[in-house]
*Asks:* 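Handing you a structure now.
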Amino acid sequence: MKLRSWLKYFAYALTVMVLFFLNMLIFQRISRIQSLTYTISYVWMSVTILINMLLGALLGLEHLKAEAAKAGRWKLNLPKFIFLVLPSLYLSLSLILCFTSANCVYYPIFRLLSSSHYGLEVIPVSQIFFGYFMSTSVYKQTEISI
């Protein structure tokens, strides 16, 4: 039993490290492409967003596994979804929203990020938060029969 637990967490840590390094390599590629062509690669930007969201979902994997073992129907924690998942999704997609719209200045997130000391560093963290909040906002509710 102990060996199985060690192997499970080793595979989990290895997956997280591979995703981190893959994300770093893709980010370096994006930087190189943008410095040479002065264009934005939406495909590579989308891949980094998805990797960060997947990292967050991996953080909530234990919760999903525990809920999957329970009996009942899947439910969505609606307050958590509305107040945590949707705002973190908005922050996560803010760069794509700004780069694809001519009216980027009018988005509240643009004003917040441009006036913030941390600026764009908030976005990858919000992408990880989104994945975590999304994976932990579902649960199973047991049906009580009378």
*Asks:* Answer whether the closest heavy-atom distance between the side chains of I123 and L91 falls below 4.5 Å.
*Replies:* no
*Asks:* Hey, could you give me the OG/CE distance between S46 and M53, rounded to the nearest 0.5 Å?
*Replies:* 9.5 Å
*Asks:* In this structure, would F129 and L78 fall into the same cluster of hydrophobic residues linked by side-chain contacts under 4.5 Å?
*Replies:* yes
*Asks:* Using atom types as modelled and distance alone, determine if a side-chain donor or acceptor of E67 lies under 3.5 Å from a backbone N or O of Y139.
*Replies:* no
*Asks:* If hydrophobic clusters are built from ILVMFWY residues whose side chains come within less than 4.5 Å, do F130 and F81 share one?
*Replies:* yes
*Asks:* Drop me the distance from N77's CG to I82's CD1, to the nearest 0.5 angstrom.
*Replies:* 9.5 Å
*Asks:* Answer yes if I128 and Y12 sit in the same cluster of Ile, Leu, Val, Met, Phe, Trp and Tyr residues linked by side chain heavy atoms under 4.5 Å apart, and no otherwise.
*Replies:* yes
*Asks:* For G72, is there any backbone N or O sitting under 3.5 Å from a side-chain donor or acceptor partner on T142?
*Replies:* no
*Asks:* Checking the side chain of S5 only, and the main-chain atoms of K2 only, is there a donor and an acceptor separated by less than 3.5 Å?
*Replies:* no
*Asks:* Which atoms form the tightest heavy-atom contact between G56 and S135, and what is the distance?
*Replies:* O-OG, 4.1 Å
*Asks:* With rounding to the nearest 0.5 angstrom, report the CD1 to CD1 distance, I51 to I26.
*Replies:* 3.5 Å
*Asks:* Between M45 and I96, which heavy-atom pair has the shortest distance, and what is it?
*Replies:* SD-CG1, 3.6 Å
*Asks:* Could you grab the distance from atom CE of M134 to atom CG of L64, nearest 0.5 Å is fine?
*Replies:* 10.0 Å
*Asks:* Locate the shortest heavy-atom distance separating S126 from S92; write the atom from each residue and the value.
*Replies:* O-OG, 3.3 Å
*Asks:* For the pair K80 and T136, evaluate side-chain contact (heavy atoms from CB on, under 4.5 Å) and give the outcome as yes or no after the intermediate values.
*Replies:* CA-CA 9 Å; K80 187 175 192 175; T136 58; 2.8 Å; yes
*Asks:* More than 12 heavy atoms of other residues, nucleotides or ligands under 6.0 Å from OH of Y42: is that the case?
*Replies:* yes
*Asks:* Any donor and acceptor pair, going by atom type alone, linking the side chain of K140 with main-chain N or O of K70 inside 3.5 Å?
*Replies:* yes
*Asks:* Indicate, with yes or no, if F83 and L86 share a hydrophobic cluster defined by side-chain heavy-atom contacts under 4.5 Å among Ile, Leu, Val, Met, Phe, Trp and Tyr.
*Replies:* yes
*Asks:* Would you check if V16 and F20 make a side-chain contact, meaning some heavy-atom pair closer than 4.5 Å?
*Replies:* yes
*Asks:* Is a side-chain N or O of H63 found less than 3.5 angstrom from the main chain of V138, in a donor-acceptor match?
*Replies:* yes
*Asks:* Are L22 and M24 co-members of a hydrophobic cluster defined by side-chain heavy atoms under 4.5 Å apart?
*Replies:* no
*Asks:* At what distance, to the nearest 0.5 angstrom, does CH2 of W44 lie from CZ of R32?
*Replies:* 10.0 Å
*Asks:* When rounded to the nearest 0.5 angstrom, what is the spacing between CG in L89 and CD1 in I49?
*Replies:* 9.5 Å
